[in-house]
Structures are given as structure tokens and as C-alpha cells.
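FYI, side chains are in, hydrogens and waters are out, and symmetry mates aren't considered; it's all heavy atoms of this structure. Bear in mind that the values here come from a model prediction, so they are computed numbers and not experimental data. Letters A, B, ... mirror the listed sequences (proteins, then strands); counts begin at 1.
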Protein chains: 2
Amino acid sequence: MCLMVTGDHTQCLYCSARVHSVLNVLDNEKLADLSTHKSCSTYKKGQYIFSENGMPYGLFCVNKGKIKLIATGFDGKDQILRLAKEGDILGYRALISGERYHCSAIALEDCSICIIDKNYFYQSIQDNFQLLFEIVKKISGDLKTAEEHIMSLSQKNLRERMAEALLFLKATYGFTTDGQTLNVMLSREEIADYTGTSTESAIRQLSEFSHDKIIELTGKKIKITDLPKLIKTANIND
Amino acid sequence: MCLMVTGDHTQCLYCSARVHSVLNVLDNEKLADLSTHKSCSTYKKGQYIFSENGMPYGLFCVNKGKIKLIATGFDGKDQILRLAKEGDILGYRALISGERYHCSAIALEDCSICIIDKNYFYQSIQDNFQLLFEIVKKISGDLKTAEEHIMSLSQKNLRERMAEALLFLKATYGFTTDGQTLNVMLSREEIADYTGTSTESAIRQLSEFSHDKIIELTGKKIKITDLPKLIKTANIND
DNA sequence: CGCTACCTTGACGCGAATCAAGCGGCGTGG
DNA sequence: CCACGCCGCTTGATTCGCGTCAAGGTAGCG
């Protein structure tokens, strides 16, 4: 049987993001049932999907669009903690641990997102070892990423961290069709918020990379012209 | 029936650390069975329990002692990522995600630790939703802690981070019987490795706290004499 | 009793934050 | 259609926190 992936995301079975999702471990029958326990929304660029300190009421499942997860410091400066794209789930950490959100999710571009009912989700993971196991692996990956970020922030200088940040963006969103340009448009401030620096320093570092012929900058587009040199600059050991 | 907690940790049923462990969700029968699928070891202070890049062969379960989890930077400087104590499990992240260890575990003092067979562990989490769920909650907590650490490193100055570090040690290991002295002895270098600074700067900051009458230093003992002021210094929002 | 590992303090220099000012693009309203 | 204003980008000047280097003290251990 050939699966009809029509892109009708109200029907999980036909969701275009299905193959990239941890929910793909569910069989067709369960996916069809899932569709009856969720609602769909769209979010404009810049809109909050959920907010720090809010209580989760469901699991977010990204059908389309890019999202940043941020925490805001006491002085108002943001830190980008994670990035998400289609097929990703959001809000699983708070849902699993039964806590409030400790960060906010904001749309980086117009998004289409489904919300799976909380109780249905709890029931699903109890009935389905594979589903919970996939989610644990996801959280484990996030933990590893976070701890690598800790290493980076505590031991590396700005130049190395910025190189890592660009490589992280590449790993997360990939390139556009030209095979060199990062497939995501972030403001300089957002790049700084991931890297853990000021906007001005981020700008200076990017323009230094540009002078070093490692990248090319055109507005918010970033083209990586010398990937080996960028990797070398990042000083990654493992 | 009254449980015999004799402290014989070769029998999980009677392990003194049981009540603090995620494994406590198992019933008596399962705990008894667990004892037949594990081995016990002791580790001297400073000894490696597992190493970065090693393959996990089982789940470590701490019966006694304190442990640091560290990652070593390319310049040889360590970063303390997590701390563990009796009742804690170790090595679950790599085991779940099926990867190599991305950090090393080192005994901060003489330890007694059991190793649960890997395949038995996999079988246990498949047969027992509650066990896996407890472990997910544990990893979720670790992720939250790690992301708070990221915030701290990227936005706070040394004074705030050091205050946070002392509060973290208090939250993890608590006080000794006097109700003020941290129940853990770390070298200045280890404190620096958690805080993300140099040994010299850590020493200077601790001695500044001492002058400010926030703490009292006696060798490696740290007595928190003004907890409210320490909390205020840490600038914690949530 | 001496060696080694850890702790402590001082001096210095650099990386990056901060402050300030000018530029450019885009959307809105006259 | 053009002018205005706002927001993001960029660059320069200045400051300063903290890392690094150096030297000396102290405590524990064989």
C-alpha cells in the first residue's frame, strides 16, 4: 500500500511532517485516532506559542515553520535554548515532568502547529512503549546538546562559539538548494542570543568571518563558503 | 510488614539508598530479581567510574558516595556538568540513546556502586512503564538544570554564578548537621570547574563572599552564614 | 622531614561588553 | 508618490571583568 501524504495535516496520517516525527512510531490506526484528539492552529512570525511559567495543556506538534525556544534573563536579554522545525514536537519536557514551562516558544516564521490533548498524550505513552522511548531519546539528545552548549559557553571564546553556532544552524535547518546558504533567517540579535554574546559582538564576529572568506553575508542570508575552515575554527574535539 | 533496610546493598531490597532511587518504583519481587542481574564495585576518591567516549555496558546505581560528571575541553580544562549522590543512577542518558558517554564520571569520595546489566535494564523498562517514566522525569530535570546553567553562563557575571554554584551545592548535597556547612568537600579547582571560571577567580570570589560575611571558609569547608544574602546575590528570577 | 599538590595574592593584558552615533530599508500615512 | 519615523544593522571609542602568568605560602602524606 502506498501512503497518501497529501499534506492535509488535520489528518495525522497524511501529514507531510509525519516521517520526521517521533509520532511516526504509531501505526495507521493510532494515527487516525490521534487526529480526533487534537486541534490545529497557525502562528504568525514573532507570535508566542507558549510562555515561560505557563502550564502545558497539550503537546505541540509542528507541521510547518521554524520555532525558537528562549529564556529571558532578569535584565531582559534572551537566550535561545533550542530550535525546532517541522516534524518536531514542543513542550514535551514540561508535560512529562508535570511542571510549568521554563522557557517560551516563539515562531521564527509563520507556522502551522497541532496541539494534542494532554490526557490523550499521557494515555498514549502508557499504552505505547515505543512512543515514550522515542520521546526519551529526544530529551536525551536535547540534554547532550545542552551540555555541549555549557562546555562551549564556559570554555570557548567568541570566535569559536560563533563558528559552532553556524554549524548548529546548518545541522538543524540545513542548506537551501544552493547547498551553501543556511536555510534559516535570523536577526543579528537572535544569532547573538544563541551564541551568548551581545548583538554588536555578533555582528563584528560575522564580519570577521566574512573578511576571512569563511562566509558571505547578504542581508540575513548566510552563505558558508569554506566549511572545512569553519569546522576548524569551531575547535570541536569529539 | 516492615521492610528490613539492613544496608546490605548487594540485595537491592535492603539497600539503604533505595528510598532515594528511581528504582524504588519496582515491587519487592522485581527488586529481588534485580539483585541477581547486577554486580557491585567500590571506587576510590578520584577514580573514574566511566569515561568519555566509552560504551555503556550497564546502568550505574550509587549506593554510597558522591560523584562528579565532567567533560574535558580541548585545552584540558574540565567542566562539571552534573553531580550525583547515593540513590542516584548514572549513565542512563547514553544507555537510553544508545550512544557513547559524552562525559566522564569521577568519584569525589570513596564510593560503592552497583552496575545493572544493560540487557536486563532494557527489558525492565519495556516491562515497566513506571520505571521508564521515572527515568524520563529524571532526564527532564537534568535538561532543565542544564538549560538554567546555560542561562547563567551566558548572562551572569562571576559573582552571580558563584552564588548560584553554592546554592546548587546546597540543593544537591544539603548541609551537615550544623545546618549551615555544605555537605561536600570540593577543591577550589572543582568549584571553578562547575562555575565556569579559573581557579584563581573562584578563590577571589569565595574570599570576597567571606569578606562580605556571606560565607565562612575553613579549608575546604564552606559555611553559609547569610543564606538570604546569597540568594539575593545569585539574582534568581524564577 | 621534604616533596608534592593545592591554595592564595598581586600584576598585567586582552577580549568583549557597553555606550554612542550614523546608516539604510521598509512600512505607513499624508 | 514621497516624506517621515522606526527598527535593525554597522562601526568606532572606551571601559572593565576576568583570564593568565608569576611567585610564594600551606598542608597533607609518604
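- Atom CG in A:L186 sits about 14 Å away from atom P in D:dG8, given to the nearest Å.
- Listed pair B:S201 / D:dC18 fails the phosphate criterion, with no side-chain N or O lying under 4.0 Å from OP1 or OP2.
- Classified by interplanar angle (parallel below 30°, tilted 30° to 60°, perpendicular above 60°), the ring pair B:Y101/B:F60 is tilted.
- Residue A:L158 contributes atom CG, which lies 5 Å from atom P of C:dA16 at whole-angstrom precision.
- Looking at heavy-atom distances under 4.0 Å, A:S198 makes contact with a base.
- Atoms CG (B:N157) and P (C:dT18) sit 11 Å apart, rounded to a whole Å.
- For the pair A:K156 NZ and C:dA16 C1', the interatomic distance rounds to 18 Å; values are reported in whole Å.
- Below the 3.5 angstrom threshold, one finds a donor paired with an acceptor across the side chain of B:R204 and the base of D:dT20.
- One N or O on the side chain of A:S187 and one on the backbone of A:E190 form a donor-acceptor pair closer than 3.5 Å.
- Remark: P of C:dT8 and CG of B:L217 are 7 Å apart, rounded to the nearest angstrom.
- Counting atom types as modelled, B:E200 pairs no side-chain N or O with a base atom of C:dC7 as donor and acceptor under 3.5 Å.
- Rounded to whole Å, atom P of D:dC7 lies 16 Å from atom CD of A:E190.
- A salt bridge links B:K44 with B:D110: at least one charged nitrogen is closer than 4.0 Å to a carboxylate oxygen.
- Between B:K64 and B:E109 there is no salt bridge, since no side-chain N of the basic residue sits under 4.0 Å from a carboxylate O of the acidic one.
- Residue-level contact check: A:T197 touches the backbone only, with heavy atoms under 4.0 Å from sugar-phosphate atoms and none from bases.
- Listed for the A:K38 side chain is no donor-acceptor partner under 3.5 Å among the backbone atoms of A:Q11.
- When the P atom of C:dT9 is taken as reference, atom CG of B:L206 falls 11 Å away, rounded to whole Å.
- Between the CD atom of A:Q205 and the P atom of C:dA16 there is a distance of 8 Å, rounded to whole Å.
- Contact annotation for A:K220: backbone-only contact, meaning every heavy-atom pair under 4.0 Å involves sugar-phosphate atoms and none involves a base.
- Heavy-atom nearest nucleotides on DNA chain C were determined for B:S207 and for A:A202, and the one closer to the 5' end corresponds to B:S207.
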